[in-house]
Amino acid sequence: MNCKTKEHKLIRSPELQKDQNIELQKTYKILLAFSGLKHALTNNPGYNRRVSECQEAARILLNASGFGEVEPLLSNVQLEDYQAHKNKLEPDLAKRAEHYFSENLRVIKGLEAWATGSLEDFGKLITASGLSSIQNYECGSEPLIQLYKILVNAPGVFGARFSGAGFRGCCIALVNAKHADEAASFVRREYQKIQPELASQWKQDKAVLICESGDSARVILS
């Protein structure tokens, strides 16, 4: 393939891109599974601790890079500065920073996978994000981690992760449209086996929802 041909393939009209997105939407559904855990996120000490840890990691990295006057946010740390000075972080802070920077990389790779219509690659990135949330950000209660693992193993699921910060609430999964009903039944059945008390709080028609994505964010008036 010559450069001119390759360049031509990458340039898509808005109409063509929209048609491709519509066709892609027909091939997948979104599963939203509720863990049964409910409480205010800001009242969770784990969440507030993670915020402080990220700020502390940013402060150390910025000071090491000569930018100590900058607000201590990981978004203010350049990737090359993180790579050069991450050895200065103690283990917990190193994990928090690793989650942040690896998540940014997954977003970039996710855009590429989505643009090419590779749901398998996109799903792997979603699952890797969920695993990093557990291993590096160390969020997620036991029921939510169990629900994440069930979703990852459900029929037809491309990938799964926590929905939100991961201390309570829901998990979300991208699933092959042909297997959405089967996957939803699998999740309900398996979660009830290991968390019967939490599952008993479900409204059965609300426990695992099969959703579709929209073309864009918009206001829905009821």
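Any value given below was found using the heavy atoms of this structure, including those in side chains, with hydrogens, waters and symmetry copies removed. Each residue takes its place number in the sequence, starting with 1. Just so it is clear, the structure is predicted and the values come from calculations on it, not from any experiment.
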> Which pair of heavy atoms, one from F162 and one from I145, lies closest together, and at what distance?
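Taking every non-hydrogen atom into account, CZ-CG1, 3.9 Å.
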> How long is the span from the CZ atom in R59 to the CG atom in L93, to the nearest 0.5 Å?
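Reported value, rounded in 0.5 Å steps: 9.5 Å.
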> Is it true that V70 and L61 fall in one hydrophobic cluster, defined by side-chain heavy atoms closer than 4.5 Å?
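Shared cluster, yes.
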> So how far is it from S163 OG to L144 CG, rounded to the nearest 0.5 Å?
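Interatomic distance, S163 OG to L144 CG, rounded to 0.5 Å: 9.0 Å.
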> Show the nearest heavy-atom pair for residues D92 and E138, with the distance to one decimal.
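D92 and E138 have their closest heavy atoms at OD1-OE1, 4.0 Å.
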> Is K109 salt-bridged to E112, going by a charged N under 4.0 Å from an acidic O?
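Between E112 and K109 there is no salt bridge, as every charged N stays at least 4.0 Å from the carboxylate O atoms.
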> How far does NZ of K95 sit from SG of C54, to the nearest 0.5 angstrom?
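Spacing of NZ (K95) from SG (C54) equals 13.5 Å.
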> Does atom CD of Q192 have more than 12 heavy-atom neighbours from other groups under 6.0 Å away?
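Enclosed: over 12 neighbouring heavy atoms sit under 6.0 Å from CD of Q192.
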> Going by heavy atoms in the side chains, are V208 and L32 under 4.5 Å from each other?
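They are not in side-chain contact.
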> I want to know whether W114 and Y28 have ring centres closer than 6.0 Å.
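Yes, ring centres under 6.0 Å apart.
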> How far does SG of C170 sit from CG of L37, to the nearest 0.5 angstrom?
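These two atoms lie 10.0 Å from each other.
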> According to side-chain hydrogen bond (donor to acceptor under 3.5 Å, both in side chains), who are the partners of E103, at least two apart in sequence or on a separate chain?
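For E103, the residues satisfying side-chain hydrogen bond (donor to acceptor under 3.5 Å, both in side chains) (neighbours in sequence not counted) are R106, S129, R161.
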> For V157 and F186: C-alpha separation, side-chain torsions, deciding distance, then whether side-chain contact (heavy atoms from CB on, under 4.5 Å) applies.
CA-CA 11 Å; V157 165; F186 177 89; over 6 Å; no
> Taking the side chain as C-beta and beyond, is there a heavy-atom pair between C139 and S133 under 4.5 Å?
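Yes, at least one pair of side-chain atoms sits under 4.5 Å.
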> Side-chain contact test, heavy atoms from C-beta onward, threshold under 4.5 Å: evaluate it for I150 versus I194 and give yes or no.
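Contact flag for I150/I194 side chains = yes.
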> Take Y191 and S35, measure what side-chain contact (heavy atoms from CB on, under 4.5 Å) needs, and give me the verdict at the end.
CA-CA 8 Å; Y191 192 65; S35 68; 3.7 Å; yes
> State whether the side chain of R96 and the backbone N or O of N136 hold a donor-acceptor pair below 3.5 Å, judged by distance alone.
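Indeed, once roles are kept as given, a pair shorter than 3.5 Å links the two residues.
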> State whether the number of non-hydrogen atoms from other residues, nucleotides or ligands found under 6.0 Å of K178 atom NZ is greater than 12.
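Counting neighbours around NZ of K178, 12 or fewer heavy atoms of other residues, nucleotides or ligands fall under 6.0 Å, so no.
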> Is the backbone N or O of P72 less than 3.5 Å from a side-chain atom of N76, with the two atoms forming a donor-acceptor pair by type?
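It does not hold such a pair.
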> With no hydrogens and no angle check, is any side-chain donor or acceptor of T127 less than 3.5 Å from a backbone partner on A160?
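Yes; judged by distance alone, with no hydrogens or angles, the pair exists.
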> Return yes when atom CD of E197 has more than 12 non-hydrogen atoms of other residues, nucleotides or ligands closer than 6.0 Å, and no otherwise.
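No, because the 6.0 Å sphere around CD of E197 holds 12 heavy atoms or fewer from other groups.
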> Under 4.5 Å between side-chain heavy atoms, counting indirect links through other Ile/Leu/Val/Met/Phe/Trp/Tyr residues: same cluster for I210 and V175 or not?
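Hydrophobic grouping puts I210 with V175.
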> Which heavy atom of L89 sits nearest a heavy atom of A97, and at what distance?
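Where L89 meets A97 most closely, the heavy atoms are CD1-CB, 3.9 Å.
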> With sequence neighbours excluded, give me every ring pair (Phe, Tyr, Trp, His ring centres under 6.0 Å) pair touching residues 81-107.
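Output for this query lists Y82-F101, H99-Y137.
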> Quick one: are T27 and N176 in side-chain contact, heavy atoms under 4.5 Å?
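No - every pair of side-chain heavy atoms lies 4.5 Å or more apart.
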> Where do L198 and G36 come nearest, in terms of heavy atoms and distance?
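That closest heavy-atom pairing would be CD2-O, 3.8 Å.
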> Can you see which heavy atom on L31 is nearest to which on A180, and at what distance?
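The pair with the smallest heavy-atom distance is CD2-O, 4.1 Å.
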> Any chance you could measure L79, atom CG, to N104, atom CG, to the nearest 0.5 Å?
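Here the interatomic distance stands at 8.5 Å.
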> Do I126 and F158 come close enough that some side-chain heavy atom pair is under 4.5 Å?
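No, too far: nothing below the 4.5 Å cut-off.
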> Is any side-chain heavy atom of L151 closer than 4.5 Å to one of V187?
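SC-SC contact between V187 and L151 confirmed.
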> Which pair of non-hydrogen atoms, one from A84 and one from N87, has the smallest distance, and what is that distance?
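Heavy atoms only, the tightest pair is O-OD1, 3.7 Å.
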> Between V77 and F67, does the side-chain contact (heavy atoms from CB on, under 4.5 Å) criterion hold? Intermediate values first, please.
CA-CA 9 Å; V77 179; F67 298 102; over 6 Å; no
> Any non-hydrogen side-chain atom of Q146 less than 4.5 Å from a side-chain atom of E142?
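Heavy-atom side-chain distance check passes, below 4.5 Å.
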> What's the spacing between E190 CD and L147 CG if we round to 0.5 Å?
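Rounded to the nearest 0.5 Å, the CD-CG separation comes to 11.5 Å.
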> Using side-chain contact (heavy atoms from CB on, under 4.5 Å), reason through I30 and I172 one step at a time and then give a plain yes or no.
CA-CA 7 Å; I30 298 169; I172 191 169; 3.6 Å; yes
